[in-house]
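Before I ask anything, let me first share the structure, which is written out below as C-alpha coordinates.
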Amino acid sequence: MKFRAKIVDLACLNHFTRVSNMIAKLAKTCTLRISPEKLNFILSDKLASGGVSMWCELEQENIFSEFQMEGVSAENNAIYLELTSENLSRALKTAQNARALKIKLTNKHFPCLTVSVELLSSSSSSRIVTHDIPIKVIPRRLWKDLQEPSVPDSDVSIYLPALKTMKSVVEKMKNISNHLVIEANLNGELNLKIETELVCVTTHFKDLGNPLLSSESASQSRHPEDMAEVHIDIKKLLQFLAGQQVTPTKAVCNIVSNRIVHFDLLLEDISLQYFIPALS
(Lines give C-alpha, C1' and ligand atoms only; values in the text may rest on other atoms or scores of the structure.)
Protein backbone atom coordinates (compact mmCIF):
# COMPACT_ATOMS: atom_id res chain seq x y z
CA MET A 1 0.00 0.00 0.00
CA LYS A 2 1.19 3.47 -0.85
CA PHE A 3 -0.23 6.92 -0.28
CA ARG A 4 1.21 10.41 -0.72
CA ALA A 5 -0.51 13.73 -1.31
CA LYS A 6 0.35 17.42 -1.36
CA ILE A 7 -1.56 20.67 -0.79
CA VAL A 8 -0.08 23.95 -2.00
CA ASP A 9 -3.17 26.18 -2.23
CA LEU A 10 -3.71 28.07 1.03
CA ALA A 11 -7.52 28.13 0.71
CA CYS A 12 -7.55 24.34 0.20
CA LEU A 13 -5.24 23.89 3.17
CA ASN A 14 -7.47 26.00 5.45
CA HIS A 15 -10.54 24.13 4.19
CA PHE A 16 -8.95 20.75 4.94
CA THR A 17 -7.89 22.03 8.40
CA ARG A 18 -11.48 23.09 9.15
CA VAL A 19 -12.74 19.65 8.14
CA SER A 20 -10.20 17.89 10.37
CA ASN A 21 -11.16 20.19 13.29
CA MET A 22 -14.81 19.30 12.78
CA ILE A 23 -14.01 15.55 12.69
CA ALA A 24 -11.97 15.86 15.91
CA LYS A 25 -15.01 17.38 17.65
CA LEU A 26 -17.34 14.67 16.31
CA ALA A 27 -15.24 11.56 16.91
CA LYS A 28 -12.36 10.72 19.21
CA THR A 29 -11.07 8.03 16.85
CA CYS A 30 -12.18 7.56 13.28
CA THR A 31 -11.44 5.59 10.16
CA LEU A 32 -9.82 7.37 7.22
CA ARG A 33 -10.68 5.67 3.94
CA ILE A 34 -8.41 6.61 1.04
CA SER A 35 -9.50 5.75 -2.50
CA PRO A 36 -8.38 7.11 -5.90
CA GLU A 37 -11.13 9.77 -6.07
CA LYS A 38 -12.20 10.35 -2.49
CA LEU A 39 -11.25 10.64 1.16
CA ASN A 40 -13.78 9.56 3.78
CA PHE A 41 -13.78 10.05 7.53
CA ILE A 42 -15.93 7.32 9.05
CA LEU A 43 -17.31 6.66 12.51
CA SER A 44 -19.22 3.44 12.89
CA ASP A 45 -20.25 2.92 16.52
CA LYS A 46 -22.69 0.12 15.86
CA LEU A 47 -26.21 1.56 15.77
CA ALA A 48 -27.40 -1.64 17.46
CA SER A 49 -25.37 -0.76 20.55
CA GLY A 50 -26.82 2.76 20.62
CA GLY A 51 -23.86 4.57 19.10
CA VAL A 52 -23.79 7.39 16.56
CA SER A 53 -22.31 6.94 13.11
CA MET A 54 -20.79 9.41 10.67
CA TRP A 55 -19.80 9.46 7.01
CA CYS A 56 -17.86 12.49 5.77
CA GLU A 57 -16.78 12.60 2.14
CA LEU A 58 -14.54 14.90 0.11
CA GLU A 59 -13.30 14.70 -3.46
CA GLN A 60 -9.50 14.57 -3.36
CA GLU A 61 -9.11 16.73 -6.49
CA ASN A 62 -10.82 19.66 -4.72
CA ILE A 63 -8.15 19.71 -2.00
CA PHE A 64 -4.88 18.18 -3.22
CA SER A 65 -2.56 19.36 -5.98
CA GLU A 66 -0.82 15.95 -6.03
CA PHE A 67 -2.40 12.65 -5.02
CA GLN A 68 -1.01 9.15 -5.48
CA MET A 69 -2.28 5.97 -3.88
CA GLU A 70 -2.12 2.22 -4.32
CA GLY A 71 -4.64 0.22 -2.37
CA VAL A 72 -4.56 -3.30 -0.98
CA SER A 73 -4.98 -4.77 -4.48
CA ALA A 74 -6.13 -3.77 -7.96
CA GLU A 75 -9.74 -4.91 -7.31
CA ASN A 76 -9.77 -3.50 -3.75
CA ASN A 77 -8.08 -0.21 -4.51
CA ALA A 78 -8.54 1.45 -1.12
CA ILE A 79 -6.74 1.93 2.19
CA TYR A 80 -8.53 1.99 5.55
CA LEU A 81 -6.67 3.51 8.53
CA GLU A 82 -7.75 4.06 12.10
CA LEU A 83 -6.42 7.18 13.79
CA THR A 84 -7.02 9.55 16.70
CA SER A 85 -8.84 12.48 15.09
CA GLU A 86 -7.24 15.11 17.30
CA ASN A 87 -3.73 14.07 16.24
CA LEU A 88 -4.52 14.99 12.64
CA SER A 89 -6.23 18.27 13.52
CA ARG A 90 -3.32 19.22 15.81
CA ALA A 91 -0.80 18.55 13.05
CA LEU A 92 -2.79 20.63 10.55
CA LYS A 93 -3.08 23.55 12.99
CA THR A 94 0.66 24.13 12.57
CA ALA A 95 0.08 24.51 8.82
CA GLN A 96 -1.67 27.89 8.85
CA ASN A 97 0.04 30.11 6.25
CA ALA A 98 2.31 27.23 5.25
CA ARG A 99 3.93 27.15 1.84
CA ALA A 100 2.96 23.49 1.33
CA LEU A 101 1.78 20.43 3.17
CA LYS A 102 2.57 16.80 2.39
CA ILE A 103 0.85 13.72 3.80
CA LYS A 104 2.15 10.22 3.27
CA LEU A 105 1.87 6.71 4.62
CA THR A 106 5.13 5.67 6.29
CA ASN A 107 6.49 2.96 8.54
CA LYS A 108 8.71 4.19 11.40
CA HIS A 109 8.86 1.14 13.67
CA PHE A 110 5.05 1.36 13.47
CA PRO A 111 2.65 2.52 10.72
CA CYS A 112 2.26 6.31 10.55
CA LEU A 113 0.55 9.01 8.61
CA THR A 114 3.40 11.51 8.28
CA VAL A 115 2.38 15.15 7.86
CA SER A 116 5.18 17.49 6.70
CA VAL A 117 4.52 21.21 6.84
CA GLU A 118 6.75 23.60 4.92
CA LEU A 119 6.74 26.92 6.78
CA LEU A 120 8.23 30.21 5.64
CA SER A 121 10.58 31.74 8.18
CA SER A 122 11.38 35.44 8.47
CA SER A 123 14.57 35.11 6.44
CA SER A 124 12.44 33.75 3.54
CA SER A 125 14.15 30.38 3.86
CA SER A 126 11.73 27.60 4.70
CA ARG A 127 11.73 25.11 7.53
CA ILE A 128 9.88 21.81 7.69
CA VAL A 129 7.86 20.60 10.67
CA THR A 130 7.05 16.89 10.65
CA HIS A 131 4.32 15.10 12.59
CA ASP A 132 4.17 11.30 12.73
CA ILE A 133 0.60 10.26 13.52
CA PRO A 134 0.33 6.64 14.70
CA ILE A 135 -2.30 4.67 12.80
CA LYS A 136 -3.70 1.16 12.62
CA VAL A 137 -4.15 -0.38 9.19
CA ILE A 138 -7.60 -1.99 9.07
CA PRO A 139 -7.55 -5.43 7.45
CA ARG A 140 -9.70 -6.20 4.42
CA ARG A 141 -12.03 -8.54 6.35
CA LEU A 142 -13.27 -5.63 8.51
CA TRP A 143 -14.06 -3.26 5.64
CA LYS A 144 -17.65 -4.50 5.39
CA ASP A 145 -18.43 -2.74 8.71
CA LEU A 146 -17.15 0.56 7.33
CA GLN A 147 -19.29 1.12 4.24
CA GLU A 148 -21.50 4.14 3.64
CA PRO A 149 -24.54 3.79 5.92
CA SER A 150 -27.80 3.12 4.11
CA VAL A 151 -30.36 5.82 4.82
CA PRO A 152 -33.75 4.38 5.80
CA ASP A 153 -36.87 5.98 4.26
CA SER A 154 -37.67 8.92 6.49
CA ASP A 155 -41.15 9.86 7.69
CA VAL A 156 -40.31 13.57 7.60
CA SER A 157 -37.46 15.47 5.99
CA ILE A 158 -36.98 19.13 6.96
CA TYR A 159 -34.42 21.90 6.47
CA LEU A 160 -32.64 22.84 9.71
CA PRO A 161 -32.67 26.31 11.29
CA ALA A 162 -29.34 28.11 11.86
CA LEU A 163 -27.15 25.57 13.64
CA LYS A 164 -25.73 28.20 16.02
CA THR A 165 -29.26 29.01 17.19
CA MET A 166 -30.04 25.32 17.61
CA LYS A 167 -26.83 24.83 19.58
CA SER A 168 -27.56 27.64 22.05
CA VAL A 169 -31.10 26.25 22.62
CA VAL A 170 -29.86 22.69 23.18
CA GLU A 171 -27.07 23.89 25.51
CA LYS A 172 -29.68 25.47 27.79
CA MET A 173 -31.90 22.37 27.63
CA LYS A 174 -28.98 20.12 28.62
CA ASN A 175 -28.97 21.77 32.06
CA ILE A 176 -32.48 20.42 32.67
CA SER A 177 -32.58 17.01 30.97
CA ASN A 178 -30.33 14.29 29.52
CA HIS A 179 -32.63 13.47 26.65
CA LEU A 180 -34.62 15.41 24.11
CA VAL A 181 -37.44 14.84 21.63
CA ILE A 182 -36.88 16.20 18.15
CA GLU A 183 -40.07 16.33 16.11
CA ALA A 184 -40.99 17.75 12.73
CA ASN A 185 -43.79 17.70 10.15
CA LEU A 186 -44.27 18.33 6.44
CA ASN A 187 -45.46 21.87 7.18
CA GLY A 188 -41.92 23.13 7.80
CA GLU A 189 -42.26 22.99 11.60
CA LEU A 190 -39.54 21.60 13.89
CA ASN A 191 -39.78 21.35 17.69
CA LEU A 192 -37.12 20.55 20.28
CA LYS A 193 -38.73 19.32 23.50
CA ILE A 194 -37.59 18.27 26.94
CA GLU A 195 -39.83 16.92 29.68
CA THR A 196 -39.07 16.19 33.31
CA GLU A 197 -41.40 15.61 36.26
CA LEU A 198 -41.20 19.32 37.06
CA VAL A 199 -41.02 21.10 33.73
CA CYS A 200 -41.77 20.80 30.04
CA VAL A 201 -39.88 23.09 27.64
CA THR A 202 -40.45 23.28 23.87
CA THR A 203 -38.68 25.45 21.32
CA HIS A 204 -40.63 25.90 18.04
CA PHE A 205 -39.11 26.63 14.64
CA LYS A 206 -41.52 27.48 11.81
CA ASP A 207 -41.42 27.94 8.01
CA LEU A 208 -38.23 25.93 7.60
CA GLY A 209 -39.36 24.21 4.40
CA ASN A 210 -39.25 20.53 3.46
CA PRO A 211 -37.11 18.98 0.74
CA LEU A 212 -38.91 16.67 -1.66
CA LEU A 213 -38.76 13.12 -0.36
CA SER A 214 -37.76 10.36 -2.74
CA SER A 215 -40.36 8.15 -1.07
CA GLU A 216 -43.23 10.35 -2.25
CA SER A 217 -45.85 7.74 -1.36
CA ALA A 218 -44.93 7.97 2.33
CA SER A 219 -45.24 11.75 2.38
CA GLN A 220 -48.48 11.80 0.37
CA SER A 221 -50.23 9.51 2.85
CA ARG A 222 -49.02 11.64 5.75
CA HIS A 223 -50.99 14.66 6.94
CA PRO A 224 -48.75 17.78 6.75
CA GLU A 225 -49.49 18.64 10.40
CA ASP A 226 -48.58 15.17 11.76
CA MET A 227 -45.35 15.19 13.75
CA ALA A 228 -42.70 12.49 13.35
CA GLU A 229 -40.64 12.29 16.50
CA VAL A 230 -37.53 10.65 17.86
CA HIS A 231 -36.24 10.57 21.43
CA ILE A 232 -32.44 11.01 21.57
CA ASP A 233 -29.52 11.55 23.93
CA ILE A 234 -29.09 15.33 24.25
CA LYS A 235 -25.26 15.04 24.57
CA LYS A 236 -25.03 13.30 21.18
CA LEU A 237 -27.02 16.08 19.52
CA LEU A 238 -24.90 18.74 21.22
CA GLN A 239 -21.68 17.05 20.12
CA PHE A 240 -22.91 17.14 16.52
CA LEU A 241 -23.90 20.84 16.76
CA ALA A 242 -20.65 21.81 18.51
CA GLY A 243 -18.65 20.22 15.69
CA GLN A 244 -20.08 22.58 13.09
CA GLN A 245 -17.50 25.33 12.57
CA VAL A 246 -18.67 26.41 9.12
CA THR A 247 -22.16 27.49 8.09
CA PRO A 248 -23.36 24.67 5.82
CA THR A 249 -24.54 25.27 2.26
CA LYS A 250 -27.38 22.83 2.96
CA ALA A 251 -28.56 21.26 6.22
CA VAL A 252 -31.37 18.69 6.29
CA CYS A 253 -32.77 16.59 9.13
CA ASN A 254 -34.46 13.27 8.25
CA ILE A 255 -36.56 11.61 10.95
CA VAL A 256 -37.53 7.95 11.02
CA SER A 257 -40.10 7.88 13.82
CA ASN A 258 -38.81 6.33 17.03
CA ARG A 259 -35.80 4.86 15.23
CA ILE A 260 -33.21 7.34 14.08
CA VAL A 261 -32.47 10.95 13.19
CA HIS A 262 -30.19 11.50 10.19
CA PHE A 263 -28.48 14.87 9.60
CA ASP A 264 -27.34 15.51 6.05
CA LEU A 265 -25.05 18.53 5.60
CA LEU A 266 -23.23 20.00 2.65
CA LEU A 267 -20.24 22.19 3.59
CA GLU A 268 -19.16 23.74 0.27
CA ASP A 269 -17.90 20.60 -1.52
CA ILE A 270 -17.81 18.29 1.52
CA SER A 271 -20.73 16.14 2.54
CA LEU A 272 -21.37 15.05 6.12
CA GLN A 273 -23.94 12.50 7.23
CA TYR A 274 -24.48 12.00 10.94
CA PHE A 275 -26.84 9.43 12.45
CA ILE A 276 -28.16 9.47 16.04
CA PRO A 277 -30.25 6.44 17.04
CA ALA A 278 -33.38 6.71 19.17
CA LEU A 279 -33.15 5.92 22.87
CA SER A 280 -34.77 2.57 23.56
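These numbers come from the heavy atoms of this one structure, side chains and all, not from hydrogens, waters or symmetry mates.
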Let me confirm one number: the CD1-SG distance from Ile182 to Cys253, rounded to the nearest 0.5 Å.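 SG of Cys253 is found 4.0 Å from CD1 of Ile182.
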Would you please test Asn107 and Cys112 for side chain to side chain contact (heavy atoms under 4.5 Å, CB included) and show each step? CA-CA 6 Å; Asn107 197 352; Cys112 287; over 6 Å; no
Give a yes or no answer on whether the side chain of Ser126 reaches the backbone of Glu118 with a donor-acceptor pair at less than 3.5 Å.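 The answer is no, because no donor-acceptor pair under 3.5 Å joins these two groups.
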Mind checking the CG-CD1 spacing from Leu32 to Ile103? Nearest 0.5 Å is all I need.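 Between atom CG of Leu32 and atom CD1 of Ile103 there are 8.5 Å.
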Asn258 side chain to Val230 main-chain N or O, any donor-acceptor pair under 3.5 Å?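 No, Asn258 side chain to Val230 backbone: no donor-acceptor pair under 3.5 Å.
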Between the side chain of Asn77 and the main-chain N/O of Gly71, is any donor-acceptor distance below 3.5 Å?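 Yes, the answer is positive, given that a donor and an acceptor are paired below the 3.5 Å cut-off.
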Mark yes or no for whether Gln60, through its side chain, and Pro36, through its backbone, hold a donor-acceptor pair below 3.5 Å.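 Judged by distance alone, yes, a pair lies under 3.5 Å.
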Do the side chains of Val115 and Ile133 get nearer than 4.5 Å, heavy atoms only?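 When only atoms from C-beta onward are counted, Val115 and Ile133 do touch, with a gap below 4.5 Å.
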Are there more than 12 heavy atoms of other residues, nucleotides or ligands under 6.0 Å from atom CD of Glu86?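 Check fails, neighbour count at 12 or below.
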Taking every non-hydrogen atom, the tightest pair across Met173 and Leu192: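 Closest pair (atom of Met173, atom of Leu192, distance): CE-O, 3.2 Å.
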Does the side chain of Lys172 come within less than 4.5 Å of Val201's, by heavy atoms?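 No. Closest side-chain heavy atoms not under 4.5 Å.
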Mind checking the CD1-CG spacing from Ile234 to Asn178? Nearest 0.5 Å is all I need.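 Going from the CD1 atom of Ile234 to the CG atom of Asn178 covers 8.0 Å.
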More than 12 non-hydrogen atoms from neighbouring residues, nucleotides or ligands closer than 6.0 Å to CZ on Arg259, yes or no?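 Result for CZ/Arg259: open.
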Less than 4.5 Å apart, any side-chain heavy atom of Leu272 and any of Ile270?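 With C-beta onward as the side chain, the pair stays apart.
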For Asp155 and Ala228, indicate whether the former's side chain and the latter's backbone hold a donor-acceptor pair under 3.5 Å.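 Flag not set: sc Asp155 to bb Ala228 has no pair under 3.5 Å.
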When hydrophobic residues are tied together by side-chain contacts of less than 4.5 Å, even through go-betweens, does Leu279 share a cluster with Met227?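 Not linked; separate clusters.
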Between Glu183 and Lys193, is the closest basic N to carboxylate O distance under 4.0 Å?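 Looking at Glu183 together with Lys193, the answer is yes, because their closest N to O distance falls below 4.0 Å.
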Stepwise side chain to side chain contact (heavy atoms under 4.5 Å, CB included) check, Phe205 with Thr165: CA-CA 10 Å; Phe205 296 95; Thr165 309; 4.2 Å; yes
Is it true that Leu101 and Val129 fall in one hydrophobic cluster, defined by side-chain heavy atoms closer than 4.5 Å?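 Yes, same cluster.
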Test item: Gln239 side-chain N/O and Lys25 main-chain N/O as donor-acceptor pair under 3.5 Å: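 Looks like yes, one N/O pair under 3.5 Å.
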Side-chain contact test, heavy atoms from C-beta onward, threshold under 4.5 Å: evaluate it for Leu241 versus Lys164 and give yes or no.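 Result no, sub-4.5 Å side-chain heavy-atom pair not found.
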Can you tell which of Lys236, His231, Lys235 makes a side-chain hydrogen bond (donor to acceptor under 3.5 Å, both in side chains) with His179?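 Passing option: His231.
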Side chain to side chain contact (heavy atoms under 4.5 Å, CB included) for Leu237 and Asp233? Distances and angles first, verdict last. CA-CA 7 Å; Leu237 176 59; Asp233 182 332; over 6 Å; no
For Glu189, run the side-chain hydrogen bond (donor to acceptor under 3.5 Å, both in side chains) check against Asn191, Asn185, Asn187 and tell me which one passes.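 Exactly one candidate clears the test, Asn185.
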Under 4.5 Å between side-chain heavy atoms, counting indirect links through other Ile/Leu/Val/Met/Phe/Trp/Tyr residues: same cluster for Tyr159 and Leu267 or not?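 No.
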Between Thr29 and Thr84, is there a donor-acceptor pair closer than 3.5 Å when you use the side chain of the first and the backbone of the second?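 No; zero donor-acceptor contacts below 3.5 Å.
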Same cluster or not: are Leu83 and Leu142 linked, directly or through other Ile, Leu, Val, Met, Phe, Trp or Tyr residues, by side-chain heavy atoms under 4.5 angstrom apart?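 They do share one cluster, since a chain of ILVMFWY contacts under 4.5 Å joins Leu83 to Leu142.
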For the residue pair Ile158 and Gly209, what are the closest heavy atoms and their distance?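 The answer is CG1-O, 3.4 Å.
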Glu61, CD atom: more than 12 neighbouring heavy atoms under 6.0 Å: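 No - once you tally the heavy atoms of other residues, nucleotides and ligands closer than 6.0 Å, there are 12 at most.
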Shortest non-hydrogen contact from Asp145 to Ser44?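 Result for this residue pair: O-OG, 3.2 Å.
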Gap separating the CG atom of Leu58 from the CG atom of Asp269, nearest 0.5 angstrom: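 Separation between the atoms: 7.5 Å.
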Parallel, tilted or perpendicular: ring planes of Phe64 versus Phe16, cut at 30 and 60 degrees: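 If you compare the ring of Phe64 with that of Phe16, the planes turn out perpendicular.
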Minimum side-chain heavy-atom gap Leu81-Leu113 below 4.5 Å: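 Contact flag for Leu81/Leu113 side chains = yes.
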Using side-chain heavy atoms (C-beta onward) and a distance below 4.5 Å, is Thr202 in contact with Glu195?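 They are not in side-chain contact.
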Could you measure the distance from the CZ atom of Arg4 to the OG atom of Ser116? Nearest 0.5 Å is fine.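 Answer rounded to 0.5 Å: 9.5 Å.
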Main-chain N/O of Ser157 paired with Ser154 side-chain donor or acceptor, under 3.5 Å: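 No, the answer is negative, given that no donor and acceptor are paired below the 3.5 Å cut-off.
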What is the distance from atom NZ of Lys6 to atom CD of Gln68, rounded to the nearest 0.5 Å?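 These two atoms lie 11.5 Å from each other.
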Is it the case that over 12 heavy atoms from other parts of the model lie below 6.0 angstrom from the CD atom of Glu225?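 Yes, CD of Glu225 has more than 12 neighbouring heavy atoms, counting only those of other groups under 6.0 Å.
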For Val137 and Met1: C-alpha separation, side-chain torsions, deciding distance, then whether side chain to side chain contact (heavy atoms under 4.5 Å, CB included) applies. CA-CA 10 Å; Val137 177; Met1 291 184 298; 3.4 Å; yes
His131 and its side-chain hydrogen bond (donor to acceptor under 3.5 Å, both in side chains) partner, picked from Thr94, Thr114, Asn87: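 The side-chain hydrogen bond (donor to acceptor under 3.5 Å, both in side chains) with His131 is passed solely by Thr94 among Thr94, Thr114, Asn87.
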Does any non-hydrogen side-chain atom of Leu43 lie less than 4.5 Å from one of Leu26?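 No, side chains not in contact.
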Nearest heavy atoms of Cys12 and Asn62, plus distance in Å: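 That would be SG-O, 3.5 Å.
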Before you tell me yes or no, could you show the steps for Asn40 and Glu57 under side chain to side chain donor-acceptor pair (under 3.5 Å), namely the whole-Å CA-CA distance, both residues' side-chain angles and the distance that decides it to 0.1 Å? CA-CA 5 Å; Asn40 295 96; Glu57 183 166 289; 3.0 Å; yes
Answer yes or no: is there a side-chain heavy-atom contact under 4.5 Å between Leu160 and Leu208?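 Heavy-atom side-chain distance check fails, nothing below 4.5 Å.
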I need the single residue from Trp55, Phe263, Phe41, Phe240 that forms a ring-ring contact (aromatic ring centres under 6.0 Å, His included) with Tyr274. Which is it?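 Option passing the ring-ring contact (aromatic ring centres under 6.0 Å, His included) with Tyr274: Phe240.
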Please give me the minimum heavy-atom distance between Cys30 and Ser85, naming the atom from each residue.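 Closest approach of Cys30 to Ser85, heavy atoms only: SG-OG, 3.6 Å.
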With a cut-off of 6.0 Å (strictly less than), are more than 12 heavy atoms of other residues, nucleotides or ligands near CD of Glu197?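 No, because the 6.0 Å sphere around CD of Glu197 holds 12 heavy atoms or fewer from other groups.
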Closest non-hydrogen atom pair between Arg33 and Ile42, with its separation: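 In this case the closest contact between Arg33 and Ile42 is CB-CD1, 3.9 Å.
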Going only through I, L, V, M, F, W and Y residues with side-chain contacts under 4.5 Å, is there a path from Ile138 to Met54?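 Yes.
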